[in-house]
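Scroll down for the structure; my scribbles are underneath it.
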Amino acid sequence: MKLSTVQVSLCVKAEAVYLTSGFFLFSFKPFKVLATETLSEKALDADVYNAVATEKVDGTCCYVTNYKGQPYLWARLDRKPNKQADKRFKKFLHSKENAKEFHWNTEEDFKPVPECWIPAKEIEKQNGKPVPDENGHIPGWVPVEKNSKQYCWHSSVVSYEFGIALVLRHHPDDPGVLEISAVPLSELLEQTLELIGTNINGNPYGLGSKKYPLHFLTPHGAFQVRNLPTLKHNDLLSWFEGCREGQIEGIVWHCGDGCLIKVHRHHLGLCWPLPDTYMNSKPVIINMNLDKYDCAFDHQSLFNKFSKIDKQKFDRLKDITLDI
């Protein structure tokens, strides 16, 4: 059996969400998630040489679309096969190379999901029904409610009352500076973003603290990778190991056809997370401008806490504290 290396990713392009297979840059050795020195056929077919390279940010995927008549933040939730179907699927994979040949009964083979669940856009469909990916999952979303306990960190970065979200991205006037600002959710419609922070994926960027957790959203593709080496195994390995810009989780190439090509540090045998990430090498400014909303936020909300340090500049994201 060949190790399946195709994973599902989501990207934002032309103001629409395309769910595409996030193919890897290199081909892989059987039974090991380690890249060989050969570019994958999918990467070549997608013209990866002319793609836009961006930083792969380590968080959890989110989506903004309308719900209940207004823009809402949605959390990633994949429909997964039940125990019996999963057993059949894994047995099939041991005897076949192509997971697409497996026959799924979408009515009976999958665990239930909330009624508000929606499948991700642009996934393959047959007879109007979504087709599971190579991992046997159907990617999708559920809306994040205001007082959700399960998605409390998601809900902490949005205010539906005022229609805004906490967003991290480059400062519009200085690409060498990061900016945390309150962005109208309407400006983020049909985009996917990454939620990062204290309680997400082990907090690889060292944000906030247990007592004063800190979270925000960053749009997919927001951090373009500059000065990238040639797409050769050893050159990329040297770049990740020796360049300041290479202190990132990985790279995602956004190709002209909407396809995503990616490489992770782990694929090259390198460690992640790192004690000092590239994201923490840049100064960051707080730019909330909440006066225009003419409102008072809940005392414990991140919006209220960030408003108290509005216009302040920090040497790095790690230095932001909300113990005020």
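Quantities reported herein were computed from a predicted structural model and do not represent experimental measurements.
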* Listed by chain and number, what are the side-chain contact (heavy atoms from CB on, under 4.5 Å) partners of Ala85, not counting sequence neighbours? -> Pro81, Asn82, Arg88, Trp104, Asp109

Are [Y] and [X] co-members of a hydrophobic cluster defined by side-chain heavy atoms under 4.5 Å apart?
X	Y	value
Val225	Tyr49	yes
Met288	Ile285	no
Val131	Ile118	no
Leu39	Val52	no

Using side-chain heavy atoms (C-beta onward) and a distance below 4.5 Å, is [X] in contact with [Y]?
X	Y	result
Leu185	Ile164	no
Tyr72	Val158	no
Thr38	His233	no
Asp86	Lys80	no
Phe306	Leu290	no
Leu270	Glu241	yes
Trp141	Asp78	no

* When you look at Leu268 and Val263, which way does the side chain to side chain contact (heavy atoms under 4.5 Å, CB included) test go after all the steps? -> CA-CA 8 Å; Leu268 299 171; Val263 66; 4.3 Å; yes

Test item: [X] side-chain N/O and [Y] main-chain N/O as donor-acceptor pair under 3.5 Å:
X	Y	result
Gln247	Phe240	yes
Arg265	Cys271	yes
Asn304	His299	yes
Asp133	Gly136	yes
Asn135	His137	no
His267	His264	yes
Ser238	Asp235	no

Quick check: closest heavy atoms across [X] and [Y], and the distance to 0.1 Å?
X	Y	value
Thr230	Leu236	O-CG, 4.1 Å
Ser155	Ser148	OG-O, 4.2 Å
Pro139	Arg76	CB-NH2, 3.6 Å
Glu55	Tyr205	OE2-OH, 4.2 Å
Cys255	Ile261	SG-CG1, 3.7 Å
Leu302	Pro213	CD2-O, 3.7 Å

* Could you pull out all residues at least two apart from Asn287 that satisfy side chain to side chain donor-acceptor pair (under 3.5 Å)? => Glu179, Asn289, Lys311

* **Contacts of type side chain to side chain donor-acceptor pair (under 3.5 Å), residue Arg226, not counting sequence neighbours** => none

Measuring from atom [atom1] of [X] to atom [atom2] of [Y], what distance do you get when rounded to the nearest 0.5 angstrom?
X	Y	atom1	atom2	value
Ser186	Asn66	OG	CG	9.5 Å
Glu101	Ser95	CD	OG	9.5 Å
Tyr67	Cys116	OH	SG	4.5 Å
His94	Phe89	NE2	CZ	11.0 Å
Asp45	Lys42	CG	NZ	6.5 Å
Ile251	Glu245	CD1	CD	11.0 Å

* To do: Show your working on side chain to side chain contact (heavy atoms under 4.5 Å, CB included) between Ser307 and Phe297 and close with a plain yes or no.
  => CA-CA 9 Å; Ser307 68; Phe297 289 88; over 6 Å; no

* Would you check if there is a donor-acceptor pair between the side chains of Glu145 and Tyr160 at a distance under 3.5 Å? => no

If you count every heavy atom of other residues, nucleotides or ligands that lies below 6.0 Å from [X] atom [atom1], does the total exceed 12?
X	atom1	value
Gln312	CD	yes
Glu41	CD	no
Asp315	CG	no
Lys100	NZ	yes
Lys308	NZ	yes

* Start with the C-alpha distance between His266 and Glu249, add both sets of side-chain angles, then the distance that settles side chain to side chain contact (heavy atoms under 4.5 Å, CB included), and finish with yes or no. => CA-CA 9 Å; His266 288 159; Glu249 184 196 20; over 6 Å; no

Result block: side-chain N/O donor-acceptor pairs under 3.5 angstrom for residues 193-204, not counting sequence neighbours:
| unit_1 | atom_1 | unit_2 | atom_2 | d |
| --- | --- | --- | --- | --- |
| Glu194 | OE1 | His220 | NE2 | 2.6 |
| Glu194 | OE2 | Gly59 | N | 3.2 |
| Glu194 | OE2 | Thr60 | N | 3.4 |
| Thr198 | OG1 | Leu207 | O | 2.6 |
| Thr198 | OG1 | Leu214 | N | 2.8 |
| Thr198 | OG1 | Leu214 | O | 3.3 |
| Asn201 | ND2 | Asp58 | OD1 | 2.8 |
| Asn201 | ND2 | Gly59 | O | 2.9 |
| Asn203 | OD1 | Gly206 | N | 3.4 |
| Asn203 | OD1 | Leu207 | N | 2.9 |
| Asn203 | ND2 | Leu207 | O | 3.0 |

Show which side-chain atoms of residues 166-174 pair as donor or acceptor with protein atoms under 3.5 Å away, not counting sequence neighbours.
| unit_1 | atom_1 | unit_2 | atom_2 | d |
| --- | --- | --- | --- | --- |
| His170 | ND1 | Pro175 | O | 2.9 |
| His171 | ND1 | Asp173 | N | 3.0 |
| Asp174 | OD1 | Gly176 | N | 3.0 |

* Stepwise, does the side chain to side chain contact (heavy atoms under 4.5 Å, CB included) test hold for Trp74 with His154? -> CA-CA 8 Å; Trp74 294 61; His154 291 69; over 6 Å; no

* Apply the test side chain to side chain donor-acceptor pair (under 3.5 Å) to residues Thr54 and His254: give CA-CA distance (whole Å), side-chain angles for both, the deciding distance (0.1 Å), then the verdict. => CA-CA 8 Å; Thr54 66; His254 294 249; 3.2 Å; yes

* To do: For Gln191 and Tyr63, run side chain to side chain donor-acceptor pair (under 3.5 Å): C-alpha distance rounded to whole Å, both residues' side-chain angles, the deciding distance at 0.1 Å, then the answer.
  => CA-CA 6 Å; Gln191 292 189 31; Tyr63 171 46; over 6 Å; no

Could you pull out every donor-acceptor pair under 3.5 Å between side chains of residues 316-324 and any protein atom, sequence neighbours left out?
| unit_1 | atom_1 | unit_2 | atom_2 | d |
| --- | --- | --- | --- | --- |
| Arg316 | NE | Asp319 | OD1 | 3.2 |
| Lys318 | NZ | Pro275 | O | 3.0 |
| Thr321 | OG1 | Asp323 | OD1 | 3.3 |

